[in-house]
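To start, the structure itself, in structure tokens.
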Amino acid sequence: MEERYDPKKIELKWQNYWAEDNIYKTERDSLRKKFYCLEMFPYPSGEIHMGHVRNYAIGDVIARYKRMRGYNVLHPMGWDAFGMPAENAAIKHGVHPSKWTYMNIDNMKKQLNRMGFSYDWKREVTTCNPEYYKWNQWFFLKMFEKGLAYKKYSYVNWCPSCATVLANEQVIDEKCWRCESVVIQKRLEQWFFRITHYAEELLQGCDELKGWPERVVLMQKNWIGKGEGVEVDFAVEGIEEKLRIFTTRPDTLFGVTFMCLAPEHPLSEKLIKDKDQLDSVKAKYGKEDEKVGLFTGYYAINPLNEDKIPIYVANFVLMEYGTGAIMSVPAHDQRDYEFAKKYDLPIKVVIVPENKSEIMKEAYEDEGILINSGQFSGLRSDIARKEIIKFIENKGYGKSVVNYKLRDWGISRQRYWGTPIPIIYCNKCGIVPVHEKDLPVILPEDVKLTGKGGSPLLESEAFLNTDCPKCGGKAHRETDTMDTFVDSSWYFIRYCFKKGDIYLKSEIQNPESEIKYWMPVDQYIGGVEHAVLHLLYSRFFTRVLRDIGLLNISEPFQNLLTQGMVVKDGAKMSKSKGNVIDPNYLIEEYGADTSRLFSLFAAPPEKDLDWSDKGVEGAYRFLHRLWGIVYRYRDKIENTRDRTNNILNLQPSAAGLCRKTHQTIKKVTTDIEREYHFNTAIAAMMELLNEITSFEPESDSDWAVFRFTIENLLLLLSPFCPHITEEIWVAMGNKPSIFEQKWPEWDEEIAKEEKIELVIQVNGKLRSKLMITPGISEEEIKKMAIEDQKTKEIIGAKAIKKVIVVKGKLVNIVI
RNA sequence: GCCGGAGUGGCGGAAUUGGUAGACGCAAGGGACUUAAAAUCCCUCGUUCCAAAAGAGCGUGCCGGUUCGAGUCCGGCCUCCGGCACCA
């Protein structure tokens, strides 16, 4: 052991040792309980940032802690390697996305290893590897078979300048993230995954997510957006067709004064002869605030009261939700109200508030009593709703339906750097799936990336032209690639296997499968920005894979920890703001242990972490002091082989330190177990070090306590700061590795304080304190409190009304 | 607009079921060591009154309530952050 704490030197030394010793490799072991600890894998941008450091430090502490608790821990890492930045780099610098990506992976892997994270690299996943994306294609085929993958026309975000489709995430304030052109909606034929098939199950499953943050579960519920209502058919005067609408408020059916169709509704095109006028409404479709409508000239008949009501086409009606047509009740819906005011349509009140009546300035959307509603007048609206539904269903006017806001997942991307969709188009046979034995459909390397738009795969003759698997005739391949969210929807399943080719087909219905052994993920850790997208897609995939027979569970992630952002000066770290802290600099300056310690100490994991250069110094000082004290007493410690636990024969100061050690073991353990409160766990270890510093050992038994305390502190600290603890552990004469040690245990008897402080309150105000022995009777405590000198002075001649004793804590005297 | 979350010293944050508000760390001030600086160590550190100490008053966004006792529970607001948003 050297005098100076040199993090760089010892960290590199142990990282090499651990790597050579293969200390993190994981094997199936049915004798031990498994624990699957997973952090969201990174996009290989080339450099890790503070968000990664924090995310992976949290995961690493959990993985190491669970390992020491005796669990068989799976702790893998990989790369979300497909995606646009690689393509953009290729366009800008002329380097192939593949080369760029693998270079970045190389670099980031070094950086992660430099942080001392305990990953089993034998299970590394790289999504742009054909061995991986082959299974994306296989899942696609399975879903195609089951009708869960299908192709349809739909509106997509289109950037006219780049001439390409953009994902929703790539549209910022209705503009293209790259060229800032205004994005338009374009109708294109695209592949979809039928996630809506599982809408109800995904919603129900939310209640099972006990280990998830409530807000994430709520966001998922809102996103799925279940709406229960009724579909009602209205006859249209003069034509045969019925007009079907969806409403959640059948209690307002008597207040309908007009109908609205979405501009894309089939009837709109049929009823409006002037196409230019219809197009002008279409142009205002969607997110416009202004309500625009066009009278069709046709009337519908309200099946409940035979009212004749005009039919409009309106820009605020969405084709994608419900039936694309609505009944408008301006008295009880604010949007309908605005529309009615603008086009001077009648407003008919059918619900009044139970107590008061007032002049209408806006729609009354709350519950109330029905009026002007025929046989239903006088009913409360919630009861009327049920009665009217019953009536409608009996008469055959319509039926109860459930609608969801959740849409099917559009996975087609006109991009190069992604998984090819395994579909072939044949002039004779139409859409033909690639045969399973022909997987993977390899993404060709020799393509030109210009950034001009359109998939570069269209230019690759060798890729494009193929034979039809059905008739053998000339055919061509699908050139769209899959959304990269497909890759991340099942990567946690791929980790269940070691690197190399896998064969999932043989895992179906195999009860001994690795997947069934490791899944579900016991602890998942990542940013809250994935609350809906990635986490929802993964829940969907897990259900699809369950129905294929690969899994016997429905929820992939038992417990979810969403860590906060790393912020500086109140803003998220970003290049444009110039407030980025480079982890490389931090590691170079202070070492990995300090970087890890600070990012875990400064805030609880779920909250935002405010960066502070000075705070890092504080974390460094703690490790420095630990090093210093062990170095100072190195000879004595090494010559002491006893570790004493027997508090009875000790001097008071040694007994105190021994007690504090047990208390710290308890505090650190419970803080980790209780919602991973690492910040308070670290604070407790700092307190213990403070006590060690002021302890002056003299006798042999003092030294035995000293060694006992240091060893336990090292064990407690080892998941947080693996390098320094390993170094000191070995320097004290122990064998490596400290991670093969058991997590320490505390003795409740020793941890108990000999004397406790009793607080004396008078009328709820702190007035005095007494030292007492725990376990003395309530009567005695009362007596001691009243007879206390200071209490007496305050009470004076006043009468004592009541004395409340909280055992072991305080006495409150009411006068 | 709707749905969440959060407001505690100069700062990051503690306070497990209502029971000593401010643990731990940072910053600041003072001191020791040193030719000097850095590093290290020691002391002080919510605020007001008082020269200081002792002591007392006030204090967890604001107003009110429940309670012997409220940062914590209840009612009504304010501010900030996040998500969704013409979903009929």
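Here is how names work: the chains are called A, B, and so on, in the same order as the sequence lines, proteins then strands, and each is numbered from 1.
B/U47 and B/U60 have their C1' atoms separated by 13 Å, with the value rounded to a whole Å. When the P atom is compared between B/C73 and B/A6, the two are found 10 Å apart, to the nearest whole Å. Using atom C1' as the reference point in both B/G30 and B/C45, the two lie 11 Å apart (nearest Å). A gap of 32 Å separates the P atoms of B/G65 and B/G12, to the nearest Å. When the C1' atom is compared between B/A51 and B/C42, the two are found 26 Å apart, to the nearest whole Å. Of the C1' atoms belonging to B/A37 and B/U44, the separation is 24 Å, rounded to the nearest Å. B/A14 and B/C50 have their C1' atoms separated by 32 Å, given to the nearest Å. When the P atom is used for both B/A28 and B/A21, the distance is 30 Å, rounded to whole Å.
In B/G5 the base sits anti relative to the sugar, since the glycosidic angle is further than 90° from 0.
Taking the nucleotide of RNA chain B with the nearest heavy atom to each of A/Asn812 and A/Glu617, the more 5' of the two is matched to A/Glu617. Looking at which nucleotide of RNA chain B each of A/Lys802 and A/Tyr321 is closest to, the 5′-most match is held by A/Lys802.
Looking at heavy-atom distances under 4.0 Å, A/Gly618 makes contact with sugar-phosphate atoms alone, never a base. Backbone-only contact: A/Thr247 has heavy atoms under 4.0 Å from sugar-phosphate atoms and none from a base. Contact annotation for A/Val759: base contact, defined as any heavy-atom pair under 4.0 Å involving a base atom. Base engagement by A/Val317 is indicated by at least one non-hydrogen atom pair under 4.0 Å involving a base atom. Using a 4.0 Å heavy-atom criterion, one finds that A/Lys809 contacts the sugar-phosphate atoms exclusively. The residue A/Tyr404 sits apart from the nucleic acid: no heavy atom pair falls under 4.0 Å. Counting non-hydrogen atoms under 4.0 angstrom, A/Gln761 reaches a base of the nucleic acid.
In this structure, the nucleotide among B/G25, B/G83, B/C68 sitting nearest to the side chain of A/Met686 is B/G25. Distances were taken from every side-chain heavy atom of A/Asp333 (C-beta onward) to each of B/C41, B/A88, B/C3; the shortest belongs to B/A88. Of the candidates B/G12, B/G25, B/A14, the closest approach to any side-chain atom of A/Asp610 belongs to B/G12.
With respect to the salt-bridge test (charged N to carboxylate O, under 4.0 angstrom), the residues A/Asp608 and A/Arg54 do not qualify. The pair A/Arg385-A/Glu228 fails the salt-bridge criterion, with no side-chain N (NZ, NE, NH1 or NH2) lying under 4.0 Å from an Asp/Glu carboxylate O. For the pair A/Lys790 and A/Asp788, the salt-bridge criterion is not met [side-chain N within less than 4.0 Å of a carboxylate O]. Using a 4.0 Å cut-off between charged side-chain N and carboxylate O, A/Lys667 and A/Glu687 make no salt bridge. A salt bridge does not link A/Arg249 with A/Glu365: none of the charged nitrogens is closer than 4.0 Å to a carboxylate oxygen.
Contact check, A/Asn690 against B/G25: a side-chain N or O comes under 4.0 Å of OP1 or OP2. Between A/Arg767 and B/G55 there is no side-chain N or O to OP1 or OP2 distance below 4.0 Å. Phosphate contact (OP1/OP2 of B/A15, side-chain N/O of A/Arg674, threshold under 4.0 Å): present. Taking 4.0 angstrom as the limit, A/Arg621 places a side-chain polar atom (N or O) nearer than this to OP1 or OP2 of B/A27. Proximity of A/Asn222 to the phosphate of B/C2: no side-chain N or O atom is located under 4.0 Å from OP1 or OP2. Contact annotation: A/Lys291 does not reach the phosphate of B/A88 (side-chain N/O to OP1 or OP2, under 4.0 Å).
Using modelled atom types, one side-chain atom of A/Tyr343 and one backbone atom of A/Gly293 make a donor-acceptor pair closer than 3.5 Å.
Residue A/Glu606 contributes atom CD, which lies 19 Å from atom P of B/G4 at whole-angstrom precision. Spacing between atom CD1 of A/Ile804 and atom P of B/U67 amounts to 12 Å, rounded to whole angstrom units. Rounded to whole angstrom, the span from the CG atom of A/Asp608 across to the C1' atom of B/G12 amounts to 12 Å.
Geometrically, A/Lys291 engages A/Phe316 in a cation-pi contact, judged by NZ or CZ lying under 6.0 Å from the ring centre and within 45° of the ring axis.
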Steps toward side chain to side chain donor-acceptor pair (under 3.5 Å) verdict (A/Ser768, A/Thr791):
CA-CA 7 Å; A/Ser768 184; A/Thr791 326; 4.7 Å; no
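Taking only distance into account, the side chain of A/Lys769 meets the base of B/U20 through a donor-acceptor pair shorter than 3.5 Å. One donor-acceptor pair, N or O on each side, does fall under 3.5 Å between the base of B/U20 and the side chain of A/Glu757.
For A/Glu673, the salt bridge (charged side-chain N to carboxylate O under 4.0 Å, His left out) test picks out A/Arg69, with sequence neighbours left out.
Taking a pair as Watson-Crick or G-U wobble with both distances under 3.5 Å, RNA chain B forms stems of 3 or more consecutive pairs at B:1-7 with B:78-84, B:10-12 with B:24-26, B:28-32 with B:40-44, B:46-49 with B:55-58, B:61-65 with B:73-77.
Going from atom CZ of A/Phe485 over to atom OH of A/Tyr537 covers 6.5 Å, rounded to the nearest 0.5 Å.
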